[in-house]
Amino acid sequence: MLVLSNASISGPLPSWLRKMAIIPHIDLSYNNLSGSLMNLPFGRRALEVLDLSRNRLIGKIPKCVENLEQLRALIFSTNALSGDIPISIGGNSLLTWLHLNDNEFTGELPQALRNLHDLWILDVRNNELSGKIPEWIAELTEFMVLRLHENKFSGRVPPSLC
């Protein structure tokens, strides 16, 4: 386990992250990390928790996030990440926590997220997401927390969510 939360680390994500031994839990939250996510260990199939919340990270989430086959928690909240939420996140079938709130994501919620049958928390509040709130969200029956507010969704809340 690597926990360097609130450790006053600044600058780009360190390149040594890609070279580290297998670590199932990486928490670099509450720092001043900047730049893109390209130095993350996306080839580490054993990674279960990745928390990079409350930094200054920018750019898109790389599609290779699906390589993290054991990922259970992906926490990228409160950064400046942008672009579409990658379809590839739907390939992380063990994911239970998905926190992408307080970023600059655009587009619609990808339909591939419907594959996350064990998802407990989906937090995408305070982004620039648009389109209709998809009906398939009601198919995710393990939800404890669903946060969609402060986006640009249109239309009505699907009756299946009421």
Ignoring hydrogens, what is the shortest heavy-atom contact between [X] and [Y]? Give both atom names and the distance.
{"X": "Asn127", "Y": "Val124", "answer": "ND2-O, 2.9 Å"}
{"X": "Arg54", "Y": "Asn79", "answer": "N-ND2, 4.1 Å"}
{"X": "Leu37", "Y": "Lys60", "answer": "CD1-O, 3.9 Å"}
{"X": "Leu116", "Y": "Asn92", "answer": "CD2-O, 3.0 Å"}
{"X": "Gln111", "Y": "Trp136", "answer": "CA-NE1, 3.8 Å"}
{"X": "Leu33", "Y": "Leu13", "answer": "CD1-CD2, 3.7 Å"}

Check for a donor-acceptor pair, side chain of [X] on one end and backbone N or O of [Y] on the other, with a separation under 3.5 Å.
{"X": "Asn151", "Y": "Ser130", "result": "no"}
{"X": "Ser88", "Y": "Lys63", "result": "yes"}
{"X": "Asp27", "Y": "Ser29", "result": "yes"}

Indicate yes or no: at least one non-hydrogen side-chain atom of [X] is less than 4.5 angstrom from one of [Y].
{"X": "Leu74", "Y": "Leu95", "result": "yes"}
{"X": "Pro24", "Y": "Gln70", "result": "no"}
{"X": "Ile85", "Y": "Leu109", "result": "yes"}
{"X": "Thr106", "Y": "Leu129", "result": "no"}

Judged by modelled atom types alone, do [X] and [Y] share a side-chain donor-acceptor pair under 3.5 Å?
{"X": "Glu135", "Y": "Ser160", "value": "yes"}
{"X": "Arg56", "Y": "Asn32", "value": "yes"}
{"X": "Asp102", "Y": "Asn126", "value": "yes"}

Would [X] end up clustered with [Y] when hydrophobic side chains under 4.5 Å apart are linked, directly or stepwise?
{"X": "Phe143", "Y": "Ile89", "answer": "yes"}
{"X": "Leu52", "Y": "Trp16", "answer": "yes"}
{"X": "Ile75", "Y": "Phe105", "answer": "no"}
{"X": "Leu122", "Y": "Trp97", "answer": "no"}
{"X": "Leu81", "Y": "Val49", "answer": "no"}

**Message:** Please evaluate residues Thr78 and Asn103 with respect to the criterion side-chain contact (heavy atoms from CB on, under 4.5 Å), reporting the C-alpha separation (whole Å), side-chain torsions for both, the decisive distance (0.1 Å), and the verdict.
**Reply:** CA-CA 6 Å; Thr78 316; Asn103 279 288; over 6 Å; no
Please report the interatomic distance [atom1]([X]) to [atom2]([Y]), rounded to the nearest 0.5 Å.
{"X": "Met144", "Y": "Trp120", "atom1": "CE", "atom2": "CH2", "result": "5.0 Å"}
{"X": "Thr141", "Y": "Leu119", "atom1": "OG1", "atom2": "CG", "result": "10.5 Å"}
{"X": "Ser53", "Y": "Asp123", "atom1": "OG", "atom2": "CG", "result": "11.0 Å"}
{"X": "Ser93", "Y": "Asn115", "atom1": "OG", "atom2": "CG", "result": "9.0 Å"}
{"X": "Leu148", "Y": "Asn101", "atom1": "CG", "atom2": "CG", "result": "11.5 Å"}
{"X": "Asp51", "Y": "Leu4", "atom1": "CG", "atom2": "CG", "result": "11.5 Å"}

Would Leu98 and Leu113 satisfy side-chain contact (heavy atoms from CB on, under 4.5 Å), going step by step from the backbone distance to the final call? CA-CA 10 Å; Leu98 180 57; Leu113 295 183; 4.2 Å; yes
For Phe153, look at atom CZ and say whether over 12 heavy atoms of other residues, nucleotides or ligands are found less than 6.0 Å away. yes
Counting only heavy atoms not in Ile87, do more than 12 fall under 6.0 Å of its CD1?
no
Would you call Arg125 and Glu150 a salt bridge, taking side-chain N to carboxylate O under 4.0 Å as the test?
-> no
